[in-house]
Each structure stands twice: as structure tokens, then as C-alpha cells.
Amino acid sequence: MSKEDYANWVAMDRKQLHPTYHPKSHADPLVIERGEGVWLYTTDGQVILDGMAGLWNVNAGYGREELAQAAFDQMKKLAFTSNFSGMTNLPSILLADKLSGFAYEGLNTTHFTSGGSESNDSAFKTARYYWKRKGKPGKFKVIARKGAYHGVSLYATFATGLEKYHTMFGPAVEGFIHIPAPNPYRFEGEMKSGETVGQAAARALEEAILREDADTIAAFIAEPVMGVGGVIVPPDDYFPLVRQICTRHDILFIADEVITGFGRTGEWFALKHWNVKPDILSFAKAITSGYAPLGGIQISDAIRETVETAAESEAYMHGFTYSGHAMACAVGLKNLELMELASFPERARTLGKRLLEGLKSLKEFPFVGDVRGLGLLCGVEIVSNKETKLADPAMATRIFKAAQSRGLRTRPLGNTLAFSPPLIITEEEVDEIVKRLGAAMDSVTA
Ligand SMILES: Cc1ncc(COP(=O)(O)O)c(C=O)c1O
């Protein structure tokens with residue numbers, strides 16, 4: 001494609017307002033034409049190893065004919081029908097049945113959405129619904145963590161603990177409280193002597209509950225591994241303590257597994273690493289590997305019971321046109337089959353170990369402050385000084401650009417470069433990520 005053609009596409013593209021848009025970050029966008037496996041092909045002939053699996057979601061890789069066929073077959077038969085109370089369809093029945101108890105024992109009911117933000121809003125509303133049904137309508141607040149990303153619908157925006165998502169969209173929605181995240185590299189909370197980061201971060205939760213009054217709090221929400229906030233892997237003692245605190249104070253625990261779900265971290269769902277179970281699970285993204293927009297929440301049997309026994313005047317009046325979309329659910333079912341056949345959690349465990357070891361070899365660069373990960377979800381934190389750990393987002397952006405010009409897609413999240421490749425990635429392709437990133441780092445050093 002000529003330079004002129006590219007310029008034309010980019011000019012036409014100005015008719016779109018892109019997500020998280022600023023003219024500076026969209027001056028010379030990649031125009032992607034097709035994908036195959038872990039590889040993306042642009043209209044101007046670039047071939048890029050997608051180290052992010054799109055937006056942490058294309059777990060089965062690009063160009064999967066089985067998924068295209070599943071969509072085609074279902075669309076021919078029935079693409080869509082209302083799934084509102086009084087009607088249902090076969091793919092949504094089959095997928096809900098398949099998912100029943102799949103992630104966590106006791107989470108047997110699914111409410112479908114079209115994506116992660118809708119899932120989290122559904123989780124917040126369902127928590128409110130539950131407490132109203134329990135005769136405690138004063139429980140409506142949600143505790144989240146600083147650095148959390150829960151999406152951009154209005155509620156999810158203010159559950160998100162990243163300032164830049166709030167700046168132009170205030171005033172803030174009432175009732176979201178943010179506490180420090182269990183970040184082992186740079187914990188922002190206060191630590192008492194003898195405490196671990198996990199204990200201090202869990203104590204911050206209990207203190208917030210006591211300060212706000214448990215009778216006003218509906219839920220605590222957390223990503224098992226924080227994604228957009230910089231790929232923060234929590235210490236092992238954190239989530240077991242969180243679970244105990246939520247139970248002790250009668251607060252629902254919402255696990256936002258929009259990124260960590262469906263094998264990414266080496267377990268089907270990430271809280272399994274710590275033998276912990278949530279009351280509500282949010283999922284999206286990899287349920288279809290990005291081949292169709294689909295998400296959902298799963299709720300505990302105790303929550304389901306409050307819906308089943310409600311008076312008509314207290315019906316669960318929530319749901320979206322596309323909740324239980326027939327084609328999206330058919331794709332989800334086929335994708336689950338592919339993920340099970342290829343043992344995705346096991347792949348994420350072994351290939352993730354290889355990726356993490358490779359990335360750790362880059363610690364010899366003076367600006368690589370920390371390298372961390374769980375399964376095929378890794379982060380490389382860039383600092384200007386390893387002693388003071390001063391964050392260097394400008395250097396992270398330079399490395400990101402140098403990597404992109406070498407055919408490697410990562411994502412700069414503040415001063416952390418994220419890696420979350422498709423789970424079908426091969427050992428050679430994992431090594432290629434490390435090689436290209438190393439070359440990019442060499443180039444900015446020179
Ligand atoms: C942890 C988490 N929750 C929620 C969302 C929002 O999902 P969506 O963009 O599908 O609304 C994301 C998106 O990246 C996410 O990473």
C-alpha cells in the first residue's frame with residue numbers, strides 16, 4: 001500500500017472518536033488488516049507479534065476458522081432473540097450450563113453482558129439488589145483499590161482507581177472508596193513493623209470498612225492480578241486475608257477477572273492460586289477470545305436465592321439487549337471447547353515461566369526496575385534509578401515505540417510495559433518477544 005493510501009485511511013478514520021483518544025496518541029495509527037496466530041499484518045506491510053493479545057483477550061489467537069464457523073452456523077440459524085425474562089435461546093442455555101460451577105464452586109448462575117464494564121456495573125447493581133433483599137438498603141458503597149481498572153461505564157469509571165480516567169468526567173459517582181493495592185515493589189500504604197505487604201494491604205481494607213461502617217458497604221472489588229494499573233501480582237497472603245475480612249464484616253467480594261479469567265494466569269480463574277472464592281465473578285474478554293462481544297457475572301447460590309424468592313415488585317430489573325446474545329454465546333461455547341482441548345491454563349503456566357525468565361534476563365539494563373508476572377501476564381517496570389525506584393514513563397514510551405518499530409506490540413501502562421500474548425503462542429515466539437524487547441532496549445540505550 002502506498003503512503004498516499006495510508007494517509008487516506010487515516011484521514012477517513014478521523015470520522016471515528018476512538019477509545020482513550022488524544023490526537024497525539026493517534027497521529028500515526030497502525031491500520032491492521034488481518035491476523036494469524038500471534039501475528040498482526042498492517043495494510044502497509046508491517047508484521048507485528050502481538051504481545052498483548054489485542055486488549056488482553058485474543059487468547060485463542062487470530063484467524064481461528066472454528067470460531068468463524070461457529071458464528072456463521074449460529075447466525076444462519078438465529079443470530080439474536082430477546083433473552084429478557086420469558087424468552088431464552090439454546091446457545092445461552094448451553095453456555096450458562098457449561099459455566100455453572102466452572103470458575104468457582106457455588107457460583108452456578110450467570111447473567112450475560114457484552115463486556116467488562118457492563119459486567120462490573122452488573123456486579124455493583126446485583127450487590128445493591130442483594131442487600132436490599134436482605135433488608136439492608138444502607139449497604140451501597142464499594143471499596144476498590146488505587147490503580148484498579150474496572151472499565152468506563154459511569155459506575156465502573158469511578159470504581160477505577162486511576163485518576164486520569166476521572167479527570168474530565170466528574171463529579172464522581174458517590175460511594176466508591178479506594179485503598180492501597182498490595183504492590184510488593186512499591187507499596188503506597190502504611191506498614192507496621194513486622195507486617196508483610198499483603199498483611200498491610202489487607203489491614204487497609206479492614207480499616208476502611210471500620211471507618212466507613214460495614215452497614216454502608218455493599219462490596220469490595222479487586223482484580224486478582226491488576227492489569228491496567230501496571231500488572232501487579234499480589235503477595236500470597238493477601239487474598240486469603242481479604243476473603244476473611246469480607247466474610248467477617250458481611251461484605252460481598254467481587255472478583256474482576258475480566259483479564260485474568262479463562263486460563264491467562266495458569267489457572268482457569270486466578271483466585272484459585274490462593275484457594276479463595278468470590279461471591280460475584282466478573283468476566284468478559286477471553287470468553288470468546290475477542291471473536292464476539294460477550295461478558296457476564298456469576299453469582300453465588302445465596303445471591304441467586306434472593307432473586308428466586310423476591311416479590312414481583314422486587315424483580316431483578318436489570319439486563320441488556322445483548323445479554324445472552326445467541327451468536328456470541330455460540331462462539332463462547334466453541335472457544336471454551338478449544339481452550340479445554342489445548343489445556344490453556346497449563347500452557348499459560350509453562351510458557352509464562354519461560355516468558356518471565358526471559359524478561360528477567362533484561363534486568364541488566366539500568367532502567368529495568370522490576371519484572372513480574374503470573375502465567376502469561378507479565379510486566380516490566382521502567383525506572384530512572386533502581387535505588388530510588390523513580391518511575392520513568394517517558395522511557396517506557398520510548399521502549400514501547402522502539403519495540404513496535406521492531407515488530408513487537410506491548411502496551412505502556414504508566415512506566416510499566418505489559419505482556420499478555422495469545423495463549424497459543426509457541427516457545428519460539430515467546431523467545432522472539434524477549435529478543436525484540438531486548439533489541440528495543442539496546443536501541444534506546446545507544
Ligand atoms: C480488569 C478489567 N475490568 C474491566 C474492564 C472493562 O472491560 P470492557 O472494556 O470490555 O468494558 C477491563 C478492560 O480492560 C479490565 O481490564
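Because the structure is a prediction, the values reported are computed rather than measured. Counting convention: from 1, in listed order, for ligands and their atoms alike. When reading the values below, keep in mind they use all heavy atoms of this one structure, side chains included, and skip hydrogens, waters and symmetry mates.
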Which ligand 1 atoms, with their elements, are less than 4.0 angstrom from a heavy-atom of Ser117? 6 (C), 7 (O), 8 (P), 11 (O)

re atom 2 (C) of ligand 1, the protein heavy-atom contact at minimum distance is Tyr149 O, 3.3 Å

Please classify the Ala284 to ligand 1 contact at 4.0 Å (heavy-atom distances, strictly less than): side chain, backbone, both or neither. neither

Per-atom contacts, ligand 1 versus Gly115 - under 4.0 Å to a heavy atom: 10 (O)

Rounded to the nearest 0.5 Å, what separates atom CD in Glu340 from atom CG in Asn335? 10.5 Å

Ligand 1 atoms in contact with Val258 (distance to a heavy atom under 4.0 Å): 2 (C), 3 (N), 4 (C), 5 (C), 12 (C), 15 (C)

Is a donor from one side chain sitting under 3.5 angstrom from an acceptor on the other, for His26 and Asp13? yes

Under a 3.5 Å distance rule, please check whether Thr160 uses its side chain to pair with a backbone N or O of Leu162 as donor and acceptor. no

Please work out, at 4.0 Å between heavy atoms, whether the side chain, the backbone, both, or neither of Glu118 comes within that distance of ligand 1. neither

Heavy-atom pairs closer than 4.0 Å: do any link ligand 1 to the side chain of Asn120, the backbone, both, or neither? side chain

What atoms in ligand 1 come closer than 4.0 Å to a heavy atom of Gly116? 6 (C), 7 (O), 8 (P), 10 (O), 11 (O)

Could you check whether Lys285 makes a cation-pi contact with Phe262, meaning its NZ or CZ is under 6.0 Å from the centre of the six-membered ring and within 45° of the ring axis? no

Ion pair check, Arg248 and Glu206, cut-off under 4.0 Å: yes

Give the numbers and elements of all ligand 1 atoms closer than 4.0 Å to a heavy atom of Glu223. 1 (C)

Among Thr265, Thr260, Asp236, find the residue that satisfies the side-chain hydrogen bond (donor to acceptor under 3.5 Å, both in side chains) test when tested with His273. Thr265

So that I can tick it off, tell me whether Arg354 and Asp431 are bridged by a salt bridge, with the cut-off set at under 4.0 angstrom between side-chain N and carboxylate O. yes

Given the ring of Phe140, does Arg128 sit roughly above its face, with NZ or CZ under 6.0 Å from the centre of the six-membered ring and within 45° of the axis? no

Under 4.0 Å, heavy-atom basis, I'd like to know which part of His150 is in contact with ligand 1: side chain, backbone, both or neither. backbone

Whether Lys285 lies under 4.0 Å from ligand 1, heavy atom: yes

Can you find an N/O atom of Asp256 closer than 3.5 Å to an N/O atom of ligand 1? yes

Please list, chain by chain and in numerical order, all residues satisfying ring-ring contact (aromatic ring centres under 6.0 Å, His included) with Tyr155, sequence neighbours excluded. Phe176

In ligand 1, the atoms that come under 4.0 Å of a heavy atom of Ile259 are 16 (O)

